[in-house]
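What follows is one structure encoded as structure tokens, with my remarks underneath.
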Amino acid sequence: MTKIKTADAVKNCRGVGCPMNMVYTKVELAKLQSGQVLELILDDGPPINNVPGSVIKEGHKILEQRQLADGAWLVLVEKG
Amino acid sequence: MIDFTSEQLERYSRHILLQDVGVEGQAKLLGAKVLIVGAGGLGAPAALYLAAAGIGTIGIVDSDTVEISNLQRQVVHFTKDIDMPKVESAKEKMLAINPGIEVKTYQECLNADNIRAIIRDYDFVVDGTDNFPTKFLVNDACVMDNIPFSHGGILRFDGQTMTVVPGKSACYRCFFRKPPPPDAVPTCSQAGVLGAIAGMLGTIQAAEALKYVTEVGELLTDTLLSFNAKTMNFRKVTLQKQKNCPICGENPTVTELIDEEQALTCNLRQY
């Protein structure tokens with residue numbers, strides 16, 4: 001699959017539990033303009049099960065979500 | 001935008017997580033200046049919650065010292081603080097909760113001569129005063145200087161509050177034209193108050209201050225909220241700005257601040 005957009009910012013939330021991972025995600029998104037993309041790394045389990053949904057509820061878009069070799073997840077978020 | 005430290009992000013995480021508040025809203029709170037008039041029953045919870053919320057600059061006005069009879073409801077003061085100036089006692093607790101804010105103390109009585117110089121540095125005023133003359137003084141000064149404020153009052157089992165945005169919404173004098181006559185003010189035997197209602201009302205006032213600063217939701221403007229703790233009935237009465245209001249109407253008759261007579265039959269204090 002060709003990535004249409006590359007990330008404008010990266011936030012590694014490995015080892016960061018809920019809800020602080022969402023807090024860091026909001027901080028990073030606040031720095032971006034609408035349409036820019038944040039690359040987010042989230043742990044497997046509650047983080048990947050919760051954060052993308054919360055991000056969508058706040059009006060942003062999930063462009064891509066895939067599991068990495070270490071079990072963590074890479075999520076591309078486009079700011080709404 | 002403010003660069004938050006990781007400690008601030010943790011401290012304010014439950015605000016930042018709110019979609020309506022977020023990073024931007026918390027930055028507004030840290031940049032805001034709120035004045036609390038009265039470090040008593042209403043001012044105590046307001047002081048604690050506004051400090052906890054990270055209001056960057058909080059002023060607190062009170063001329064009194066802590067008395068043992070205050071401790072039943074004025075939760076910012078502790079038994080060890082008896083005889084200490086209330087503003088110092090309150091400041092100590094506020095900074096203990098949140099060392100990242102600035103607390104300015106004014107150990108004085110507000111009067112027609114000093115109020116405007118004090119309130120003009122603030123974005124919002126929480127009126128937690130215990131007497132009618134000062135409530136009118138706060139209203140009049142805030143209307144003249146265009147500073148939004150929260151009115152609050154409690155007695156026995158009842159509380160009432162309204163938020164005033166001068167020029168836009170009804171002010172206290174739109175409905176309560178002047179302080180009540182002395183015989184309408186309760187005597188000592190009628191002046192009890194259920195301690196927890198100070199927390200109920202002062203906390204509503206703190207929430208109004210936070211809403212005003214973050215521009216979230218609808219304020220209690222043009223609305224008098226009252227409750228009775230015996231029945232736990234809450235009631236909202238819709239108000240309208242009055243054209244003939246003596247201070248915010250079309251032809252104001254109150255054009256300068258005056259110190260109203262304290263219409264009390266005994267020394268009712270510390271609400």
Side-chain angles (χ1 to χ4, degrees), chain A residues 5 7-65 70 72-80, chain B residues 1-34 48-58 94-102 123-124 203 206-207 209-219:
Chain A
K5 293 199 172 182
D8 298 285
V10 179
K11 183 66 190 177
N12 182 356
C13 286
R14 275 192 182 87
V16 182
C18 298
M20 281 309 293
N21 43 20
M22 184 61 191
V23 171
Y24 289 121
T25 302
K26 290 188 73 165
V27 169
E28 294 305 317
L29 286 169
K31 294 175 189 166
L32 300 180
Q33 305 293 321
S34 179
Q36 286 189 302
V37 175
L38 171 68
E39 181 183 310
L40 196 58
I41 310 289
L42 294 169
D43 281 342
D44 194 26
I48 191 62
N49 292 333
N50 285 294
V51 175
S54 302
V55 165
I56 292 167
K57 261 188 206 152
E58 298 215 351
H60 311 292
K61 208 166 139 188
I62 305 295
L63 299 178
E64 190 184 333
Q65 185 171 313
D70 68 348
W73 290 76
L74 182 149
V75 181
L76 286 184
V77 183
E78 184 184 281
K79 180 167 175 169
Chain B
M1 186 181 305
I2 294 176
D3 272 328
F4 288 92
T5 64
S6 56
E7 191 206 299
Q8 284 178 312
L9 290 178
E10 294 261 7
R11 179 183 286 275
Y12 302 121
S13 58
R14 268 42 174 193
H15 272 163
I16 293 169
L17 286 166
L18 288 170
Q19 186 172 358
D20 290 333
V21 179
V23 187
E24 298 86 352
Q26 188 60 49
K28 286 179 189 167
L29 294 172
L30 289 167
K33 296 177 171 185
V34 175
L48 295 173
Y49 274 106
L50 295 180
I55 293 287
T57 307
I58 304 174
M94 293 158 78
L95 292 178
I97 291 174
N98 191 348
I101 60 166
E102 188 186 354
D123 305 314
F124 191 90
T203 307
L210 298 181
K211 284 164 57 188
Y212 174 77
V213 170
T214 55
E215 299 171 82
V216 168
E218 290 162 32
L219 296 168

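Side chains included, hydrogens not; waters and symmetry mates left out as well; all remaining heavy atoms used. Please read these numbers as outputs of a predicted model, since none were measured by experiment.
Counting all heavy atoms, side chain and backbone alike, A/Val27 lies closest to B/Leu9 at CG2-CD2, 3.5 Å. Taking both residues in full, the closest heavy atoms of B/Gly22 and A/Lys26 are given as CA-NZ, 3.9 Å, listed atom of the first, atom of the second, then distance. The minimum heavy-atom distance between A/Met20 and B/Ser13, with the atom names listed, is SD-CB, 3.5 Å.
One finds the CD atom of A/Glu58 at 8.0 Å from the CG atom of B/Leu17 (value rounded to the nearest 0.5 Å).
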In a table with atom names and distances, give each donor-acceptor pair under 3.5 Å that connects a side chain of residues 48-57 of chain A to protein atoms at least two apart or in another chain.
residue : atom : partner : partner atom : Å
A/Asn49 : ND2  : A/Gly45 : O            : 3.1
A/Asn50 : ND2  : A/Pro46 : O            : 2.9
A/Ser54 : OG   : A/Asn50 : O            : 3.2

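A 6.0 Å sphere centred on OH of B/Tyr49 holds no more than 12 heavy atoms belonging to other residues, nucleotides or ligands.
Here B/Tyr212 pairs with B/Phe124 under the ring-ring contact (aromatic ring centres under 6.0 Å, His included) rule; sequence neighbours left out.
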